[in-house]
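Comments concern the structure below.
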Amino acid sequence: MALINDGIPTKEDLAKVMPSEERFAQGPVSIAECFQKIPCNPCVKACPRGAISMSTDINDTPTVDYDKCNGCGVCIAKCPGLAIFVVDKTYSEDFALVKFPFEYVPVPEKGQFACGLNRSGEEMGWFEVERVVSGGKKNKTYTISLKVPQELANEIRNIKVGGYK
Amino acid sequence: MKQVEILVIGGGPAGLCASLAASSLGAKVLMCERDDVPGGQLVKQTHKFFGSEKQYAGDRGYQIGQMLVEKVAADPNIEVWTDTTVLGYYEDGVVTCEHEGAHVKIKPQRTVIATGAAEKFLSFPGNDLPGIYGAGAVQTLMNVSGVKPAERVLMVGAGNIGLIVSYQLKQAGVDTVAVIEALPRIGGYLVHASKIQRAGIPVRTGYTILEAYGNGKVEGAKIAKIDEKWQPIPGTEEDIKCDTICLAVGLSPLTELCWQAGCQVEFIKELSGHVPITDDFLETTVPGVYVAGDVSGIEEASSAMVEGRLAGLSAAASLGYGKDVAAEQQKAAMAELDELRAGPMGERIRMGLEKVAAKGGAK
Ligand SMILES: Cc1cc2nc3c(=O)[nH]c(=O)nc-3n(C[C@H](O)[C@H](O)[C@H](O)COP(=O)(O)OP(=O)(O)OC[C@H]3O[C@@H](n4cnc5c(N)ncnc54)[C@H](O)[C@@H]3O)c2cc1C
Ligand code: SF4
Ligand code: SF4
């Protein structure tokens, strides 16, 4: 199975957009899991540091300059494809933070535990919600920071809606 | 008989932008919309749109619609008739419509047809059972009327509409058990597919629906894998329990008025059906009749807005408005369309438009 057959990015797809471990060791960084040439570019405009670019036109896939990116997360809620994530592996020895966009109700609250899902929607365990940022009245997309074990930092990309505890 | 300079038929993104553009050059416009509110497909789109900043990318569809509707409402050159269905286009250039319960005749100097598209249906045993909807109907129930339309849905079609409506169902608390697609690949944007996959909705390509069953309403469906010849592969049948089957198998252009007006209309597969042949300025083969948006080939709201703008500019310019600026603005709109269609996702449209040009249209 490939991305084009089921919508799940493969290891090879992900390898193309993954920052290096050295970069992860320096702090939070964004990962644009956007692999198809579609006419779209709000991410480029969204980044205040100019870290996201496209080489030719709006049909290009985005490239993140990991040196310019400081992992602020502004781009997450601006991407209409909900395809941008920020991972912070420097959060603590055992835990990393995964920041992802969220557009369901109910929205979890800081301190609650939510069931983490991977890119196939499989349940990966319950993890603490570290932060919830509203995208505001117009944007409406929430950005959720989930505290997950280091080894799941690049697996978990969503949470199950509801059942928070 | 009502005399107007420019009549715009349809108040979707194409019609709204056509009206605004024509008015910006100084023309007087009447826009007729059969629904009680203008906005077309945008009214139902709660997700964020793609495209570039010029087409308001990143804003949600309904927000873009609202913004355009407000601009039109505030424009003294544009008169809007809602709840007004345009019924006919006659040889003498008279257009008839139903407006406030009356049959009204309009004599426009120029007409922009922006009637959009209609959903395609699919034939399979049991497809007349209650509980089988077009994706558009489900969207209307959910996002316009605020009704939870189902509990468990089988979505047929993995184009953008199937993927997006599955996502919106999930947002409304409705489970989609699967999105099935007969083609071996996902037709919609992969970011949409990835987004629903990680929410636990499987997208299964290479599957078709064999039948729907149920006692008086949908209780489930039989699906199966298909081979390269689109034949179900024996032994791959599966039973899916669901109370609703949602069909998202494509749209076809709503070209009745183009036929009536006597426009040359040709079947062009890449544009999803019969479409009017136009030149680069979106004028059909009937002088003074322009088209824009899905009616001239199923595409996107982003391109519908730019096409609307181009058709509106062209119609106004042909009446002598905007002599100094029209040509430049038309060129800019064409360049924007080229940009939107430049990538691999635009290939189908590019091929379709080449056929349009070959059939006698574009200069
Ligand atoms: C689920 C879904 C998701 C989509 N997502 C996106 C997206 O993310 N990005 C994007 O760019 N596009 C998207 N689209 C596509 C986009 O909505 C359409 O391409 C666009 O709306 C076409 O605009 P239009 O003005 O040509 O037609 P429409 O929006 O269909 O408007 C046509 C209007 O004409 C009116 N009308 C028709 N016949 C008559 C008549 N005889 N008299 C009077 N009025 C009439 C109709 O009532 C309607 O209001 C999506 C579409 C759907 C269904
Ligand atoms: S996380 Fe911040 S700095 Fe990094 S790409 Fe996104 S907006 Fe730019
Ligand atoms: S905004 Fe999102 S979907 Fe659009 S190109 Fe950028 S990353 Fe991809």
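Side chains included, hydrogens not; waters and symmetry mates left out as well; all remaining heavy atoms used. Naming: A, B, ... by sequence-line order, numbering from 1 per chain.
- In this structure, the side chains of B:Thr46 and A:Glu103 stay at 4.5 Å or more apart for every pair of heavy atoms.
- Residue contact with chain A, scored on non-hydrogen atoms closer than 4.5 Å, involves the side chain of B:Arg60 exclusively.
- Considering all non-hydrogen atoms of both residues, B:Ile186 and A:Leu3 come closest at CD1-O, 3.9 Å.
- In this structure, B:Lys44 places its NZ atom where more than 12 heavy-atom neighbours from other residues, nucleotides or ligands lie under 6.0 Å away.
- Of all the heavy atoms in B:Gln63 and A:Lys140, the pair that sits closest is NE2-NZ, 4.4 Å.
- Scanning residues 43-58 of chain A against chain B with a 4.5 Å heavy-atom cutoff picks out A:Lys45, A:Asp57, A:Ile58, ordered by number.
- Contacts of A:Glu123 with chain B are absent, with no heavy-atom separation under 4.5 Å from either backbone or side chain.
- Among residues 4-18 of chain A, the residues having any heavy atom closer than 4.5 Å to a heavy atom of chain B are, in sequence order, A:Ile4, A:Asn5, A:Asp6, A:Gly7, A:Ile8, A:Pro9.
- Counting heavy-atom pairs under 4.5 Å between each of B:Arg198, B:Glu53, B:Glu181, B:Lys48 and chain A puts B:Arg198 at the top.
- Taking A:Ser120, A:Pro101, A:Cys34, A:Ala2 one by one and counting their heavy-atom pairs under 4.5 Å with chain B, the maximum is reached by A:Ser120.
- More than 12 non-hydrogen atoms from other residues, nucleotides or ligands lie less than 6.0 angstrom from CZ of B:Arg350.
- Annotation for A:Tyr66: atom OH counts as buried by contact number, over 12 foreign heavy atoms lying within 6.0 Å.
- Within 6.0 Å of atom CZ in A:Arg131, 12 or fewer heavy atoms from other residues, nucleotides or ligands are found, so the atom counts as exposed in its surroundings.
- Residue with the most contacts toward chain A among B:Pro344, B:Gly206, B:Gly58, B:Gly346: B:Pro344 (heavy-atom pairs, distance under 4.5 Å).
- Within residues 79-99 of chain A, the residues approaching chain B closer than 4.5 Å by heavy atoms are, in numerical order, A:Pro80, A:Gly81, A:Leu82, A:Ala83, A:Phe85.
- Heavy-atom distances place both the backbone and the side chain of B:Gln171 under 4.5 Å from chain A.
- In terms of heavy-atom pairs under 4.5 angstrom with chain A, the leader among B:Gly200, B:Pro202, B:Ser194, B:Ala193 is B:Ser194.
- Rounding to the nearest 0.5 Å gives a distance of 13.0 Å between CD of A:Glu33 and CG of B:Leu190.
- For A:Asp60, no part lies near chain B; criterion is any non-hydrogen pair under 4.5 Å.
- The heavy-atom pair separating B:Gly51 from A:Pro42 by the smallest distance is O-CD, 3.7 Å.
- The candidate from B:Lys170, B:Lys195, B:His192 with the greatest count of non-hydrogen atom pairs under 4.5 Å with chain A is B:Lys170.
- Checking side-chain atoms of A:Gln36 against main-chain N and O of B:Tyr189 turns up no donor-acceptor pair under 3.5 Å.
- Within residues 149-165 of chain A, the residues having any heavy atom under 4.5 Å from a heavy atom of chain B are, by residue number, A:Arg157, A:Asn158, A:Val161.
- Annotation for B:Leu340 and A:Pro39: closest pair O-CB, 3.6 Å, computed over non-hydrogen atoms.
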